[in-house]
Amino acid sequence: MSSTIGFIGLGNMGGPMAANLVKAHHKVTGFDVVPAAREAAKEAGVVIAASAAAAVAEADVIVTMLPNGRLVLGVWNEIAAHVKPEALIIDSSTIDVDSARNAHGLFAASGHLTLDAPVSGGTVGAQAATLTFMAGGSKPAFARAEPILLAMGKRAVHCGEAGAGQAAKICNNMILGISMIGVAEAFVLGEKLGLTHEALFNVASTSSGQCWALTTNCPVPGPVPTSPANRDYRPGFAAALMLKDMKLSQDAALSSGAATPLGAHATQLFDLFDKLGHGNEDFSAIIRFLRGGTGGGN
């Protein structure tokens with residue numbers, strides 16, 4: 001069943017997601033403040049509106065995909081007076097839990113169904129419609145959103161009430177940041193001990209060292225042909241975005257009283273890597289930093 005969808009935020013993630021909704025035969029009206037993003041979405045079949053408010057005026061479902069919680073709250077406030085009474089509002093940005101809960105609260109009095117549904121899978125997953133959505137909100141909101149989410153991804157998981165999707169995303173990406181550093185350290189140690197990348201990969205990928213950071217986003221060129229390491233670390237998931245997520249995890253740890261010493265140290269390493277000018281490289285490029293120096297080289 002096709003829906004009329006308003007999509008706000010047509011960047012590296014939102015643009016391909018909106019395009020996949022068009023491919024699924026939904027009518028998508030979108031808006032982005034960046035002209036190039038609007039033009040690319042238009043070429044993919046998205047109808048471009050003059051403003052965020054205009055993008056949502058006729059929408060049955062609204063999706064936002066924005067850089068941070070401040071922008072999400074700003075946009076949700078901006079569109080509140082223009083949303084149809086029966087519309088479902090979904091935010092797929094990665095933001096802090098408090099901002100997500102505050103966004104839900106903006107529509108609580110009006111009775112709108114709302115969902116925080118951040119994603120895992122990066123730009124490759126956005127383009128291929130293989131994202132995983134982690135959803136927070138009511139069961140009725142998730143039930144209504146699920147077919148829309150599955151037009152953009154391969155899996156949608158209801159994690160709990162408002163903010164639970166963001167909580168799951170923050171925890172998941174803290175695991176990812178820590179594990180990428182662990183995998184990179186192992187390859188650096190293997191190099192020092194005379195192991196080839198292929199030998200270490202063949203062992204670790206089929207034994208207890210197996211993880212996504214190794215088998216999908218391997219930080220060295222060769223073993224996984226689709227890894228960014230084979231493209232001079234052109235990002236699938238940029239180090240600056242990993243740093244953003246790691247900082248969110250540490251903010252959440254501080255506010256909740258959780259002890260995350262590995263998360264804290266991984267955050268420091270990604271922060272230094274970013275400050276050295278590598279934020280636009282794939283986060284797996286941190287292996288260059290771990291080899292020594294400022295992060296350059298192979």
Inset, instruction - Rounded to the nearest 0.5 Å, what's the gap from CG on L131 to OG on S120? Could you check? - result: 8.0 Å
Legend entry - Electrostatic pair E281:R288 at N-O distance under 4.0 angstrom: yes
Inset, instruction - Mark yes or no for whether N230, through its side chain, and V224, through its backbone, hold a donor-acceptor pair below 3.5 Å. - result: yes
Inset, instruction - Give the C-alpha distance, both sets of side-chain angles, the deciding distance and a yes or no for side-chain contact (heavy atoms from CB on, under 4.5 Å) between Q210 and T215. - result: CA-CA 7 Å; Q210 191 278 330; T215 59; 3.5 Å; yes
Inset, instruction - Measure the shortest side-chain to side-chain distance between H112 and L88 over non-hydrogen atoms and say whether it is less than 4.5 angstrom. - result: no
Legend entry - Test item: V119 and M65 side chains (from C-beta on) under 4.5 Å apart, heavy atoms: yes
Inset, instruction - Grab the two heavy atoms, one from R144 and one from E86, that are nearest each other, plus how far apart they are. - result: NH1-O, 2.7 Å
Inset, instruction - Determine, using the 4.5 Å side-chain heavy-atom cutoff (strictly less than), whether L243 and I175 are members of one ILVMFWY cluster. - result: no
Legend entry - Exam field: side chain K244 to backbone P67, donor-acceptor pair closer than 3.5 Å: yes
Legend entry - For S249, side chain to side chain donor-acceptor pair (under 3.5 Å) partners two or more places apart: none
Legend entry - Residues forming a side chain to side chain donor-acceptor pair (under 3.5 Å) with N20, sequence neighbours excluded: none
Inset, instruction - Take atom CZ of R231 as the centre, draw a 6.0 Å sphere, and report whether it contains more than 12 heavy atoms from other residues, nucleotides or ligands. - result: yes
Legend entry - Chi angles and distances behind the side-chain contact (heavy atoms from CB on, under 4.5 Å) call for N173, F237: CA-CA 11 Å; N173 275 29; F237 186 55; 3.9 Å; yes
Inset, instruction - State whether the side chain of T94 and the backbone N or O of P118 hold a donor-acceptor pair below 3.5 Å, judged by distance alone. - result: no
Legend entry - V183 with V188, same ILVMFWY side-chain cluster at under 4.5 Å: yes
Inset, instruction - State yes or no: are the ring centers of H197 and F187 separated by less than 6.0 Å? - result: yes
Legend entry - Check ion pair D60-K84 (N to O, under 4.0 angstrom): yes
Legend entry - Closest approach of C218 to L214 (non-hydrogen atoms, all atoms of both residues): CB-O, 3.1 Å
Inset, instruction - Determine, stepwise, if the pair T260 / Q250 fulfils side-chain hydrogen bond (donor to acceptor under 3.5 Å, both in side chains). - result: CA-CA 8 Å; T260 58; Q250 294 313 289; 3.1 Å; yes
Legend entry - Side-chain donor/acceptor of R101 to backbone N/O of G163, under 3.5 Å: no
Legend entry - For P147 against A143, the heavy-atom pair lying closest together: CD-O, 3.5 Å
Legend entry - Minimum-distance pair of heavy atoms, taken over all atoms of R38 and D32: NH1-O, 2.8 Å
Legend entry - Remaining members of the apolar cluster that contains L71, side-chain heavy atoms under 4.5 Å: I8, V56, I62, L66, V72, L73, V75, W76, I79, V83, I89, I95, L106, F107
Inset, instruction - Answer yes or no: is there a side-chain heavy-atom contact under 4.5 Å between I5 and I148? - result: yes
Legend entry - Short side-chain to backbone donor-acceptor contact, H26 and S3, under 3.5 Å: yes
Inset, instruction - Mind running side-chain contact (heavy atoms from CB on, under 4.5 Å) on F283 and M180 for me, showing each step along the way? - result: CA-CA 8 Å; F283 77 111; M180 180 54 77; 3.5 Å; yes
Legend entry - Nearest-0.5 Å distance that lies between atom OG1 in T64 and atom CG in D91: 3.5 Å
Legend entry - Any donor-acceptor N/O pair, S179 side chain to L176 backbone, under 3.5 Å: yes
Legend entry - Taking every non-hydrogen atom, the tightest pair across F31 and A52: CD2-N, 3.5 Å
Inset, instruction - Taking all non-hydrogen atoms of both residues into account, name the closest pair between P219 and I287 and its distance. - result: O-CG2, 3.5 Å
Inset, instruction - Without swapping roles, check the side chain of S227 against the backbone of A229 for a donor-acceptor pair under 3.5 Å. - result: yes
Inset, instruction - Answer with yes or no whether the hydrophobic clustering places F270 together with W212; edges join I, L, V, M, F, W, Y residues whose side-chain heavy atoms lie under 4.5 Å apart. - result: yes
Legend entry - Heavy-atom donor-acceptor pair, N102 side chain to D98 backbone, under 3.5 Å: yes
Legend entry - M17 and S92, any side-chain heavy atoms less than 4.5 Å apart: yes
Legend entry - N-O pairing of K247 and D251 below 4.0 Å: no
Inset, instruction - Indicate, with yes or no, if L290 and V220 share a hydrophobic cluster defined by side-chain heavy-atom contacts under 4.5 Å among Ile, Leu, Val, Met, Phe, Trp and Tyr. - result: yes
Legend entry - Check: G165 main-chain N/O paired with D116 side-chain donor or acceptor under 3.5 Å: yes
